[in-house]
Number of protein chains: 2
Amino acid sequence: MDTRLPTSSDDSMLSAEDKEKTIPAALLSRLPQYYICLKDLVNRDIMRVSSRELSKALDITDSQVRQDFARIGDYGRQGYGYSVRELIIGVSDILGITDEFSAVIIGANVLGLAIASDSLFSRHGVLLKGIFNFDGTLVGQRVGNTKVYPLDELIPFIVKEKVDIAVLTTTEGYDPSELIDNGSLRGIWNFTNRFIERGEKTLVHNVSLGDSLMTLCCKIKRLKEGR
Amino acid sequence: MDTRLPTSSDDSMLSAEDKEKTIPAALLSRLPQYYICLKDLVNRDIMRVSSRELSKALDITDSQVRQDFARIGDYGRQGYGYSVRELIIGVSDILGITDEFSAVIIGANVLGLAIASDSLFSRHGVLLKGIFNFDGTLVGQRVGNTKVYPLDELIPFIVKEKVDIAVLTTTEGYDPSELIDNGSLRGIWNFTNRFIERGEKTLVHNVSLGDSLMTLCCKIKRLKEGR
DNA sequence: TAGATTGTTAATCGATTAACAATC
DNA sequence: TAGATTGTTAATCGATTAACAATC
């Protein structure tokens with residue numbers, strides 16, 4: 001039985017920090033979408049938005065939007081809606097967009113080069129510091145602003161340059177477990193199908209285009225069959 | 001009020017087809033992982049597997065695995081486990097891997113070319129029929145086995161070649177809404193941030209590398225702050 | 001048979017939606 | 001004030017886990 005008294009300290013006195021700690025996974029997965037949408041509104045000089053407007057743009061219910069924003073802070077005003085600018089600051093802060101992270105790409109293959117060439121990193125405040133290749137190909141050359149290095153320089157580079165993120169585009173002839181808890185590395189953005197066990201300090205974030213394609217095919221098949 | 005009698009026809013007489021129709025979203029999102037894992041087992045000549053073994057490889061509970069497999073069919077045997085081969089057939093069938101889908105890529109930019117060059121499509125039984133570019137660059141040339149066409153040939157091509165899937169890598173100067181419910185097109189694999197409204201016959205499957213990167217950064221930030 | 005492992009039920013947990021009072 | 005829109009509660013829905021009888 002919970003014997004705590006129902007005083008005001010119960011929930012309302014949670015600090016902003018404490019509140020952030022309790023963001024549920026489902027909300028967290030919606031935050032990037034909110035961010036993109038809010039950025040778009042700012043670009044169009046729209047400075048206020050209601051839960052209903054956002055819900056239409058994002059294809060979720062307005063109730064959900066209010067529930068979400070109430071959870072991450074105190075941004076709304078009854079009868080008015082939300083200030084786009086304030087929301088962006090709040091959402092950016094939780095997403096860590098204000099932080100400056102640095103990254104390296106492992107594998108100068110088509111996928112690695114595509115990720116490097118895209119404005120992806122710069123758009124999200126991540127600094128791409130180097131690309132590492134297995135064979136001698138491209139080594140010493142530049143892709144955009146970023147230099148290509150041989151693989152044996154990877155670990156020293158990560159340590160010296162305090163790299164936060166390693167983007168793994170292939171595991172052909174490479175064992176990525178050496179990355180775990182090495183230097184200042186905190187995350188592996190894993191585009192391969194290889195399972196990588198996370199460490200105490202280094203987490204693994206998987207992206208599988210194959211999975212995505214399979215899901216698409218599955219949806220199409222079911223649509224054809226009439227759901 | 002439901003006045004049906006609780007006869008055996010209630011649930012147990014659902015046909016295989018009917019059962020497939022009720023696959024919940026959460027299970028559907030796990031199916032590609034099961035597929036990859038099962039393929040890996042076959043490659044290593046492992047012909048039987050228990051829910052417990054799979055649960056360890058996939059980082060989910062064994063209870064979940066059993067729940068999932070019981071839902072999609074009747075593949076288990078008490079005291080033995082599951083036949084890997086039978087499971088693959090069942091999972092492939094739901095995922096539509098046995099079906100032959102065809103695709104085109106819109107945008108011969110770095111991302112488009114990376115997707116085209118990868119064995120992604122062939123590995124999943126999807127036939128890449130063409131790449132379409134906005135300006136004259138690359139038009140007439142080949143990327144792997146696939147020819148690059150000018151954009152104005154896109155819609156006639158989709159109709160004539162009965163293309164199922166359009167991979168959208170950019171919306172710079174292109175309005176993708178013309179794709180919806182056009183010809184035999186059933187799905188758009190959307191790598192852009194542009195919101196595309198789905199049609200009655202054409203669905204939209206979004207992949208956002210930006211979202212994924214933001215989520216990674218967010219996780220790292222929270223890890224640094226001690227969850 | 002004894003041991004292993006599923007299938008299934010019930011309990012729990014978390015996410016979403018509906019509704020409306022509070023209030024700007 | 002009247003109208004709009006949030007914040008919050010309660011209801012609903014769906015997903016996950018635990019437990020164990022059924023059975024290979």
Side-chain angles (χ1 to χ4, degrees), chain A residues 1-2 6 8 10-14 16 19 21-31 33-34 38 41 46-87 90-91 227, chain B residues 2 6 8 10-14 16 19 21-31 33-34 38 41 46-84 86-87 90-91 227:
Chain A
M1 191 176 79
D2 189 347
S8 65
D10 239 338
D11 206 85
S12 51
M13 270 193 38
L14 278 175
K19 271 187 185 167
K21 282 185 188 167
T22 61
I23 293 174
L27 163 52
L28 216 150
S29 74
R30 280 189 293 271
L31 280 179
Q33 291 169 251
Y34 285 133
L38 292 167
L41 290 173
I46 298 167
M47 285 313 167
R48 75 180 251 206
V49 70
S50 70
S51 56
R52 194 154 154 53
E53 289 163 330
L54 272 175
S55 78
K56 273 192 261 175
L58 290 168
D59 207 17
I60 48 183
T61 64
D62 54 347
S63 189
Q64 179 103 84
V65 173
R66 290 198 295 282
Q67 198 74 260
D68 284 348
F69 289 163
R71 166 79 47 117
I72 64 173
D74 188 28
Y75 298 104
R77 268 160 60 198
Q78 274 111 327
Y80 173 87
Y82 301 88
S83 152
V84 174
R85 208 176 282 284
E86 284 175 26
L87 265 182
V91 172
R227 270 231 164 253
Chain B
D2 189 347
S8 65
D10 240 338
D11 206 86
S12 51
M13 269 192 42
L14 278 175
K19 272 187 187 167
K21 281 186 189 166
T22 61
I23 293 175
L27 162 53
L28 216 151
S29 73
R30 280 189 293 272
L31 280 179
Q33 292 169 252
Y34 285 133
L38 292 167
L41 290 174
I46 298 168
M47 284 313 167
R48 75 180 248 205
V49 70
S50 70
S51 57
R52 193 153 154 56
E53 289 163 330
L54 271 175
S55 78
K56 273 192 263 175
L58 290 168
D59 207 17
I60 49 183
T61 63
D62 54 347
S63 190
Q64 179 101 85
V65 173
R66 289 198 295 281
Q67 199 74 260
D68 284 348
F69 289 163
R71 166 79 48 118
I72 64 173
D74 188 28
Y75 298 105
R77 267 159 61 198
Q78 274 110 327
Y80 173 88
Y82 301 88
S83 152
V84 174
E86 283 175 27
L87 266 182
V91 172
R227 265 227 171 255

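First the proteins, then the strands, lettered A, B, ... as listed; each starts at 1.
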Side-chain N or O of [X] closer than 4.0 Å to phosphate OP1/OP2 of [N]:
{"X": "A/Ser51", "N": "D/dT5", "value": "no"}
{"X": "B/Gln64", "N": "D/dT17", "value": "yes"}
{"X": "B/Thr61", "N": "D/dT17", "value": "yes"}

Rounding to an integer number of Å, can you tell me how far [X] [atom1] sits from [N] [atom2]?
{"X": "B/Asp74", "N": "D/dC24", "atom1": "CG", "atom2": "P", "result": "11 Å"}
{"X": "A/Asp68", "N": "D/dG7", "atom1": "CG", "atom2": "P", "result": "12 Å"}
{"X": "B/Gln78", "N": "D/dC24", "atom1": "CD", "atom2": "P", "result": "6 Å"}
{"X": "B/Arg71", "N": "D/dG14", "atom1": "CZ", "atom2": "C1'", "result": "10 Å"}
{"X": "A/Asp62", "N": "D/dT8", "atom1": "CG", "atom2": "P", "result": "16 Å"}
{"X": "B/Glu53", "N": "C/dA4", "atom1": "CD", "atom2": "P", "result": "13 Å"}
{"X": "A/Tyr80", "N": "D/dG7", "atom1": "OH", "atom2": "P", "result": "13 Å"}
{"X": "B/Ile23", "N": "D/dA15", "atom1": "CD1", "atom2": "C1'", "result": "15 Å"}

Next on the checklist: Applying side-chain contact (heavy atoms from CB on, under 4.5 Å) to A/Asp68 and A/Arg71, what does each step give before you reach the verdict?
Outcome noted: CA-CA 5 Å; A/Asp68 284 348; A/Arg71 166 79 47 117; 5.7 Å; no
Would a 4.5 Å heavy-atom cut-off, applied to side chains only, mark [X] and [Y] as touching?
{"X": "A/Tyr34", "Y": "A/Leu58", "result": "yes"}
{"X": "B/Phe69", "Y": "B/Leu54", "result": "yes"}
{"X": "A/Thr61", "Y": "A/Ser55", "result": "no"}

Checklist entry - Whom does D/dG14 pair with, Watson-Crick or G-U wobble, provided both distances fall under 3.5 Å? => result C/dC13
Next on the checklist: Applying the Watson-Crick and G-U wobble criteria at under 3.5 Å, what pairs with D/dA22? Answer none if nothing qualifies.
Outcome noted: C/dT5
Heavy atoms under 4.0 Å, any strand shown: does [X] hit a base, just sugar-phosphate, or nothing?
{"X": "A/Arg66", "answer": "base"}
{"X": "A/Tyr82", "answer": "sugar-phosphate"}
{"X": "A/Ser63", "answer": "base"}

Checklist entry - Can the positive tip of A/Arg77 be found less than 6.0 Å from the middle of the six-membered ring of A/Tyr82, inside 45° of the ring normal? => result no
Item to check | Along DNA chain C (nearest heavy atom to each residue), the more 5'-positioned of B/Arg48 and A/Gly79 | outcome: B/Arg48
Next on the checklist: With hydrogens left out and only the distance checked, is there a donor-acceptor pair under 3.5 Å joining B/Gln67's side chain and the base of C/dT8?
Outcome noted: no
